[in-house]
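Notes for the one structure printed next.
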Amino acid sequence: MSEEEVLVIPEARLLDLGAFSGFKPFCSQSFQSLLAPEFMQFRPRSTVEEDTSFKQLIPYVVLQCYLEGQPHVFQYTRGKGQGEKRLHALRSVGIGGHISREDAAGEDLYRSGMMRELTEEMIIDSPYQEELVGFIYDDTNAVGRVHLGVVHRLTLDQPAARARESELTDSGFVSVHSLKSQWERLESWSQLCLANLF
């Protein structure tokens with residue numbers, strides 16, 4: 001079985017976002033620049049997991065809804081079968097993953113990868129509104145230094161979404177207030193989303 005090849009961009013392309021660490025509000029012009037075909041490459045995942053000269057582009061989808069007027073967010077605990085071993089047992093509010101070479105068959109490479117990850121991991125039985133809301137680059141840890149997150153917010157009309165993948169354990173919608181009270185159990189990207197979006 002051949003190794004998965006994932007989409008990466010050279011580290012220098014981050015300059016188009018302006019030097020930042022943490023969360024940055026979405027900018028359409030910067031996003032289009034990041035996705036310039038001449039800079040996108042597919043490389044074996046094992047070779048880029050420790051190589052900070054490339055950033056793996058990760059769609060990170062936050063599902064939210066309102067219950068009794070309060071924002072609730074879909075959250076889960078990462079099981080051992082999830083791809084990134086360094087994040088196991090941490091709680092997350094983001095659905096997503098790598099864009100792979102197979103996604104290149106679609107008309108829009110990035111969009112194809114984002115929707116594949118979402119449909120592989122989730123069953124969504126509610127209409128929703130989608131918006132691109134930010135970028136995440138967390139250079140405070142080894143995982144964050146090799147990934148660049150693109151944050152999507154899906155606002156569901158009803159809390160009708162559930163995990164399709166068994167590795168998303170203890171999942172469901174929880175109030176933002178409750179999640180913030182469990183801060184230390186959250187992966188860093190989820191902390192950044194909660195701090196900046198709510």
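Using modelled atom types, no side-chain atom of Gln56 and backbone atom of Val6 make a donor-acceptor pair closer than 3.5 Å. Not one N or O on the side chain of Ser171 forms a donor-acceptor pair closer than 3.5 Å with the backbone of Tyr76. Ser190 places no side-chain N or O within donor-acceptor distance of the main-chain N or O of Leu186, the cut-off being under 3.5 Å. For Arg164 (side chain) and Thr119 (main-chain N/O), a donor-acceptor pair under 3.5 Å exists by modelled atom type. The backbone N or O of Asp157 lies less than 3.5 Å from a partner atom in the side chain of Ser126, making a donor-acceptor pair. Side-chain N or O atoms of Glu165 include none that pairs as donor or acceptor with a backbone N or O of Met122 at under 3.5 Å.
Leu148 and Ile99 fall within the same hydrophobic cluster, defined by Ile, Leu, Val, Met, Phe, Trp and Tyr side-chain heavy atoms under 4.5 Å apart, directly or through other members. Both Leu194 and Val151 are assigned to one and the same hydrophobic cluster, defined by single-linkage of ILVMFWY side chains at heavy-atom distances under 4.5 Å. Linking Ile, Leu, Val, Met, Phe, Trp and Tyr whenever their side-chain heavy atoms come within less than 4.5 Å puts Leu192 and Val73 in one cluster.
Applying the ring-ring contact (aromatic ring centres under 6.0 Å, His included) criterion to His72, with sequence neighbours excluded, gives no partner residue. Legend: residues meeting ring-ring contact (aromatic ring centres under 6.0 Å, His included) with Phe31, ordered by chain and number and at least two apart, are Phe26, Tyr110. Residues satisfying the side chain to side chain donor-acceptor pair (under 3.5 Å) test with Ser33, not counting sequence neighbours, are Arg13, Asp16. Under the side chain to side chain donor-acceptor pair (under 3.5 Å) criterion, Ser53 pairs with Asp51, sequence neighbours left out. Listed by chain and number, the residues in a side-chain contact (heavy atoms from CB on, under 4.5 Å) with Arg116 are Ser100, Asp103, Glu120 (sequence neighbours excluded).
Between the side chains of Asp139 and Ser21, a donor-acceptor pair is found at a separation under 3.5 Å. Between the side chains of Glu131 and His152, no donor N or O sits under 3.5 Å from an acceptor N or O.
Interatomic distance, Met40 CE to Leu7 CG, rounded to the nearest 0.5 Å: 6.0 Å. Distance check, rounded to the nearest 0.5 Å: CG of Asn141 to NE2 of His147 gives 10.0 Å. Note that the CG atom of Asp138 and the OG atom of Ser188 stand 4.0 Å from one another [nearest 0.5 Å].
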Tell me which donor-acceptor pairs under 3.5 Å the side chains of residues 172-179 have, and how far apart each pair is, sequence neighbours excluded?
from	atom 1	to	atom 2	distance (Å)
Ser175	OG	Ser178	N	3.0
Ser178	OG	Gln182	NE2	3.4

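Proximity of Leu17 to Cys27: side-chain heavy atoms (C-beta onward) are nowhere separated by under 4.5 Å. Between Lys24 and Ser30 there is no side-chain heavy-atom pair separated by less than 4.5 Å. At least one side-chain heavy atom of His98 sits under 4.5 Å from a side-chain heavy atom of Ile58. Looking only at side-chain heavy atoms (C-beta outward), Phe74 and Gln64 stay at 4.5 Å or farther from each other. Side-chain contact between Asn196 and Val133 is absent, with no heavy-atom pair separated by less than 4.5 Å.
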(Q) Show, in sequence, the C-alpha distance, side-chain angles and deciding distance for Glu49 and Lys55, and conclude whether the salt bridge (Lys or Arg N to Asp or Glu O under 4.0 Å) test is met. (A) CA-CA 9 Å; Glu49 288 290 18; Lys55 306 305 174 194; over 6 Å; no
**Q.** Steps toward side chain to side chain donor-acceptor pair (under 3.5 Å) verdict (Thr52, Glu11)
**A.** CA-CA 7 Å; Thr52 58; Glu11 182 177 39; 5.0 Å; no
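Listed here is the closest heavy atom pair of Tyr137 and Arg145: OH-O, 3.8 Å. Heavy atoms only, all atoms of each residue included: Tyr60 and Glu187 are closest at OH-OE2, 2.6 Å. The minimum heavy-atom distance between Ile136 and Cys193, with the atom names listed, is CD1-SG, 3.7 Å. Closest heavy-atom contact between Phe135 and Pro25: CD1-O, 3.9 Å.
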